[in-house]
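Taking it in order: structure first as structure tokens, then the write-up.
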Amino acid sequence: VDLMRGQGAQHIHVSMGPSIGPCCYAVGADVIEALETGPDRCLGGRLYVDLHRISALQAKKAGVSPDMIHQVQACTYCNSDSFFSYRREGEHTGRNISLIGGEACSLPGLQAL
């Protein structure tokens with residue numbers, strides 16, 4: 001967000017696609033520390049984090065207005081018919097794609113999407 005603003009972006013929207021959900025993202029204390037958060041829940045001695053919540057908080061902290069933050073709250077682990085998941089399938093699974101762009105983006109045709 002800072003880099004985009006430094007390049008002149010004024011009306012930044014943050015759109016976040018599906019990710020592993022808080023229902024399935026069990027992590028160790030090292031991940032919680034790296035994310036600078038606390039666990040969202042503890043179940044059976046395992047700590048779970050909500051990446052949807054953390055992502056929105058990071059965008060707000062970067063100065064993005066809450067009404068400019070858009071999320072798809074789908075869990076890639078639970079929805080095997082729609083998404084690939086490294087945690088569910090291992091390293092030989094497919095990959096999901098993410099894009100960052102805007103009017104000044106140099107990828108041909110991206111502005112038309």
Side-chain angles (χ1 to χ4, degrees):
V1 172
D2 289 340
L3 181 61
M4 292 171 74
R5 284 204 176 105
Q7 296 296 315
Q10 296 177 9
H11 305 288
I12 298 174
H13 287 257
V14 174
S15 297
M16 293 173 259
S19 67
I20 191 166
C23 48
C24 298
Y25 195 44
V27 298
D30 58 328
V31 173
I32 290 174
E33 184 178 330
L35 291 171
E36 299 177 354
T37 189
D40 287 289
R41 70 183 177 122
C42 181
L43 182 64
R46 299 183 78 188
L47 306 173
Y48 291 80
V49 221
D50 184 347
L51 290 179
H52 301 125
R53 178 187 64 78
I54 293 168
S55 299
L57 286 174
Q58 288 176 343
K60 290 175 192 172
K61 186 177 178 181
V64 177
S65 174
D67 62 326
M68 303 290 249
I69 300 171
H70 317 281
Q71 291 184 303
V72 175
Q73 301 264 333
C75 176
T76 54
Y77 190 94
C78 290
N79 294 291
S80 60
D81 57 329
S82 300
F83 306 108
F84 298 113
S85 171
Y86 183 92
R87 281 214 173 187
R88 184 183 61 237
E89 300 161 4
E91 68 181 87
H92 298 293
T93 188
R95 298 294 184 257
N96 302 303
I97 187 170
S98 299
L99 297 172
I100 299 174
E103 291 177 21
C105 188
S106 62
L107 294 175
L110 188 60
Q111 295 85 355
L113 293 178

side-chain contact (heavy atoms from CB on, under 4.5 Å) evaluation trace for L51 with L35: CA-CA 9 Å; L51 290 179; L35 291 171; 4.2 Å; yes

Trace of the side-chain contact (heavy atoms from CB on, under 4.5 Å) decision for V49 with Y25: CA-CA 6 Å; V49 221; Y25 195 44; 4.0 Å; yes

Trace of the side-chain contact (heavy atoms from CB on, under 4.5 Å) decision for C24 with R87: CA-CA 9 Å; C24 298; R87 281 214 173 187; over 6 Å; no

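T76 contributes a side-chain N or O that, together with a main-chain N or O of I20, makes up a donor-acceptor pair within less than 3.5 Å. Here the side chain of R95 pairs no donor or acceptor atom with the backbone of F84 at under 3.5 angstrom. When atom types are taken as modelled, the side chain of R41 and the backbone of C23 share a donor-acceptor pair closer than 3.5 angstrom. At least one donor-acceptor pair closer than 3.5 Å links the side chain of D50 to the backbone N or O of R53. Judged purely by atom type and a 3.5 angstrom limit, R88 uses its side chain to pair as donor or acceptor with the backbone of Y77.
Shown here is E33, whose CD atom has no more than 12 heavy atoms of other residues, nucleotides or ligands within 6.0 Å.
Taking hydrophobic clusters as Ile, Leu, Val, Met, Phe, Trp and Tyr residues chained together by side-chain heavy-atom distances below 4.5 Å, L57 does not share a cluster with I69.
For S55 against Q71, the heavy-atom pair with the smallest separation is CB-NE2, 4.3 Å. Minimum heavy-atom separation, M68 to I12: CB-O, 3.4 Å. Between C75 and F83, the shortest heavy-atom contact is O-CD1, 4.2 Å. The two residues L47 and C42 have their closest heavy-atom pair at CD2-SG, 4.0 Å.
From L43, atom CG reaches atom CZ of R46 across 9.0 Å, with rounding to the nearest 0.5 Å. The distance from atom CE of M4 to atom CD of Q10, rounded to the nearest 0.5 Å, is 12.0 Å.
Residues M16 and H52 are not in side-chain contact: their nearest non-hydrogen atoms beyond the backbone lie 4.5 Å or more apart.
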